[in-house]
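As the structure lists them, so they are numbered: ligands from 1, and atoms in each ligand from 1.
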Amino acid sequence: MSNDCLFCKIVAGTIPARTLFEDGSCVAFPDVHPQAPVHVLVVPKQHLVSLAETDREHTDLLGRLLAAAAEVARMQGLEKGYRVVINTGHDGGQTVGHLHLHVLGGRHMGWPPG
Ligand code: 5GP
Ligand code: ZN
């Protein structure tokens with residue numbers, strides 16, 4: 001836990017979020033500024049700044065995060081497909097410094113839109 005980390009505070013329950021999925025490794029909740037009809041964040045309970053801070057020691061956790069993303073997509077009824085995004089670091093557009101997966105769906109996410 002990092003005391004000044006937004007997602008650590010959500011994991012700890014000190015900042016509220018509507019939990020959609022939780023297991024021993026991670027928690028999933030809706031993004032506060034959704035970019036699609038379904039936009040869920042999957043966050044490890046362990047504080048890791050970004051994907052760039054992970055290595056082979058984190059293989060199990062990273063697998064659990066992806067499996068949780070698939071579970072969330074099933075729970076949200078995204079049977080037509082969805083997009084999973086991990087923004088990483090400054091150039092990756094990451095704005096919250098706690099590793100997270102975006103699960104986006106409910107509309108066509110590719111190009112052209114529609
Ligand atoms: P990033 O840009 O780091 O990949 O994604 C961070 C995401 O966190 C953004 O999509 C943003 O809307 C979301 N976010 C920021 N603050 C909060 C919050 O307090 N609650 C929730 N549920 N999402 C947040
Ligand atoms: Zn954190």
Exercise. Which of the numbered atoms in ligand 1 are below 4.0 angstrom from a heavy atom of Gln94?
Worked result: 3 (O)
For this session: Would you mind reporting whether Val96 and Leu41 have side-chain heavy atoms less than 4.5 Å apart?
Result: no
For this session: Note the single closest protein heavy atom to atom 22 (N) of ligand 1, along with its residue, its atom name and the distance in Å.
Result: Pro30 O, 2.9 Å
Exercise. For the Zn ion (ligand 2), which protein N/O/S atoms are closer than 2.8 Å?
Worked result: Cys5 SG, Cys8 SG, His47 ND1, His98 ND1
Exercise. Do any nitrogen or oxygen atoms of Phe7 lie less than 3.5 angstrom from nitrogen or oxygen atoms of ligand 1?
Worked result: no
Exercise. Partners of Glu53 by side chain to side chain donor-acceptor pair (under 3.5 Å), sequence neighbours excluded?
Worked result: Ser50
Problem set entry | Atoms of ligand 1 close to Gly93 [distance to a heavy atom under 4.0 angstrom, numbered from 1] | 2 (O)
Exercise. For the atom pair CD (Gln46) and OG (Ser25), what is the distance rounded to the nearest 0.5 Å?
Worked result: 9.0 Å
Problem set entry | Non-hydrogen atoms of Gly105 and Leu78 that approach each other most closely | C-CD2, 4.0 Å
Exercise. Is there a side-chain contact between Val103 and Val42, using heavy atoms and a 4.5 Å cut-off?
Worked result: yes
Problem set entry | Nearest-contact summary for atom 2 (O) of ligand 1 - protein heavy atom, Å | Thr95 OG1, 2.8 Å
Exercise. Considering only heavy atoms of His100, which atoms of ligand 1 have at least one such atom less than 4.0 Å away?
Worked result: 1 (P), 3 (O), 4 (O), 5 (O), 6 (C)
For this session: Give the residue, atom name and distance (to 0.1 Å) of the protein heavy atom nearest atom 14 (N) of ligand 1.
Result: Val32 CG1, 3.7 Å
For this session: Salt-bridge test for Lys45 and Glu22: reply yes if a basic N is under 4.0 Å from a carboxylate O, no otherwise.
Result: yes
Exercise. Where is the nearest protein heavy atom to atom 12 (O) of ligand 1: which residue, which atom, and how far?
Worked result: Asp31 OD1, 2.5 Å
Exercise. Can the ring centroids of His100 and His98 be said to lie less than 6.0 angstrom from one another?
Worked result: no
Exercise. Do ligand 1 and Asn87 have nitrogen or oxygen atoms that lie under 3.5 Å from each other?
Worked result: yes
For this session: Would you kindly specify which portion of Leu6 sits under 4.0 Å from ligand 1, judged on non-hydrogen atoms: side chain, backbone, both or neither?
Result: side chain
Exercise. How many angstroms lie between CZ in Arg107 and CZ in Arg83, if you round to the nearest 0.5 Å?
Worked result: 8.5 Å
Problem set entry | For ligand 1, the portion of Ile15 having any non-hydrogen atom under 4.0 Å away | neither
Exercise. Is ligand 1 under 4.0 Å from a heavy atom in the side chain of His102, in the backbone, in both, or in neither?
Worked result: side chain
For this session: Mind checking side chain to side chain donor-acceptor pair (under 3.5 Å) for Asp31 and listing every partner two or more places apart, or none if nothing turns up?
Result: His39
Exercise. Between Phe7 and Val43, is any pair of side-chain heavy atoms under 4.5 Å apart?
Worked result: yes
For this session: Given side-chain contact (heavy atoms from CB on, under 4.5 Å), test Leu101 with Val85 step by step and report yes or no.
Result: CA-CA 6 Å; Leu101 286 66; Val85 173; over 6 Å; no
Problem set entry | 4.5 Å side-chain heavy-atom contact, Leu62 and Thr54 | yes
Seminar exercise, completed: Quick note, side chain to side chain donor-acceptor pair (under 3.5 Å) partners involving residues 87-97, not counting sequence neighbours, are none
Exercise. So is Phe29 polar-close to ligand 1, meaning N/O to N/O under 3.5 Å?
Worked result: no
Exercise. Quick one: does Leu41 get within less than 4.0 Å of ligand 1, heavy atoms only?
Worked result: yes
